[in-house]
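It should be emphasised that the depicted structure is a prediction, and the values quoted were computed from it without experimental measurement. Here is the naming used below: chain letters follow the sequence lines, and residue numbers restart at 1 for every chain.
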Number of protein chains: 2
Amino acid sequence: MDTRTTLLDHAERAVRQRGYNGFSYADLARDVGIRKASIHHHFPKKADLAFSLIERYAGRVSERLAEICAREPTAAARLRAYHQLYRAALAGGAQVCLCVAFSAGRDSLTDPVLEQLNAFHRDSVDWLQTVFEQAAQDGSVAAPSDPQAEARATLALMEGAQLVSRAAKDVSHFDQATAAFVSRLSPAQIH
Amino acid sequence: MDTRTTLLDHAERAVRQRGYNGFSYADLARDVGIRKASIHHHFPKKADLAFSLIERYAGRVSERLAEICAREPTAAARLRAYHQLYRAALAGGAQVCLCVAFSAGRDSLTDPVLEQLNAFHRDSVDWLQTVFEQAAQDGSVAAPSDPQAEARATLALMEGAQLVSRAAKDVSHFDQATAAFVSRLSPAQIH
DNA sequence: GTCTATAATGGGATAGAC
DNA sequence: GTCTATCCCATTATAGAC
């Protein structure tokens with residue numbers, strides 16, 4: 001595989017496991033099997049690497065969300081799939097998703113990277129809001145309220161549940177924290 | 001005031017604004033007006049400072065929760081007060097509370113500090129669970145479900161809402177993310 | 001595109017005088 | 001308890017040969 005992609009893959013794994021400050025070019029060089037200086041050829045500054053990471057991640061998630069919409073007709077099924085994305089990203093409590101890792105390491109990030117992160121959050125909220133608007137129509141979600149507030153609550157819940165789950169190294173915390181959310185999406189709710 | 005306390009105060013502010021890696025003994029020395037070496041007299045290692053921070057924080061929150069129970073009789077009023085603790089700690093989007101800052105900076109913390117953090121989370125969940133059990137009795141909270149799951153969901157929601165709110169530097173995100181939670185606590189729900 | 005070598009910086013930490 | 005002076009180390013980053 002292309003060296004640049006290999007670097008991004010290893011860097012992403014490191015960021016999600018140990019945070020943005022938790023890995024250095026030295027670590028990455030050892031992982032990948034090249035020298036520090038060679039990484040600088042692909043990503044002159046660490047901020048360039050961070051930017052490419054969040055850019056690639058945003059694109060990937062965007063694709064997944066489109067796939068979900070193509071595959072699942074009801075709002076409830078779409079939200080279940082969204083929940084599963086966060087659940088799967090936890091990797092048993094060892095990792096968080098890249099957006100949580102970047103939100104957490106916000107103080108070390110440059111402005112362009114933070115802009116990308118905020119853009120990603122905006123896109124997520126927009127997608128969720130649209131799904132909750134659909135929910136108000138198809139009745140597949142119990143107790144619907146304001147779609148934008150629901151969207152922001154969902155994003156906060158997923159990110160917070162990942163955060164505390166990794167702190168405790170225990171996935172069951174994520175499951176408990178999101179249990180009530182998931183139960184609103186029960187197939188039994190479809191009329 | 002006592003130097004040790006002054007150091008803790010400034011360190012806490014720095015951690016909550018810029019994260020655990022976002023401040024150094026050099027910064028702290030400049031803020032407080034003494035030399036780096038003098039800080040090492042009070043806190044030999046940075047991990048000692050971190051431990052004292054979370055210890056003091058846990059004690060302070062514990063007092064606040066006891067006060068809330070003494071002051072507010074209903075479960076709904078207690079949860080509203082709990083929500084207000086997190087709301088106030090945001091300081092307009094400039095800060096997060098110490099437990100969120102530490103959860104986010106988890107990779108840089110030593111084991112004793114992480115244990116304190118997890119103990120704090122356990123205590124918070126216990127307190128919330130007790131309140132949600134009370135809610136099932138006094139009927140002051142709408143749509144009650146499993147108390148432990150509710151407790152973990154509440155903690156995750158508060159921490160996640162702070163995280164995304166600080167990333168966007170916008171308190172209104174916290175308010176929107178927690179709006180549905182708060183509306184379940186409306187005084188109108190009391191029977 | 002990868003390497004060796006080397007800055008340059010900043011952080012945590014210690015010794016020992018006052 | 002505070003200071004000056006210093007150490008050690010990790011980290012990011014650059015120069016220039018191959």
Length of the CZ-P vector between Arg30(A) and dA10(D), whole Å: 12 Å
Taking CZ in Arg18(A) as the centre, count heavy atoms belonging to other residues, nucleotides or ligands within less than 6.0 Å. Is the count above 12? yes
Taking Glu72(B) first and then Arg80(B), would you say they form a salt bridge - that is, a charged N and a carboxylate O separated by under 4.0 Å? no
Pairing residues for Asp175(A) by the salt bridge (charged side-chain N to carboxylate O under 4.0 Å, His left out) criterion, not counting sequence neighbours: Arg87(A)
For DNA chain C, which residues in residues 34-43 of chain B have a heavy atom at a distance below 4.0 Å? Lys36(B), Ala37(B), His40(B)
Could you tell me how far apart Phe23(B) (CZ) and dG11(C) (P) are, to the nearest whole angstrom? 11 Å
State whether a side-chain donor-acceptor pair under 3.5 Å links Thr3(A) with His42(A). no
Lys45(B)/Asp48(B) ion pair, N-O < 4.0 Å: no
For atom NZ of Lys45(B) and atom P of dG11(C), their distance in whole Å: 18 Å
Could you give the NZ-to-P distance, from Lys46(A) to dT14(D), as a whole number of Å? 15 Å
How long is the line joining OH of Tyr25(A) and P of dA5(C), in whole Å? 22 Å
Is any side-chain N of the basic residue among Asp146(B) and Arg152(B) closer than 4.0 Å to the acidic one's carboxylate O? no
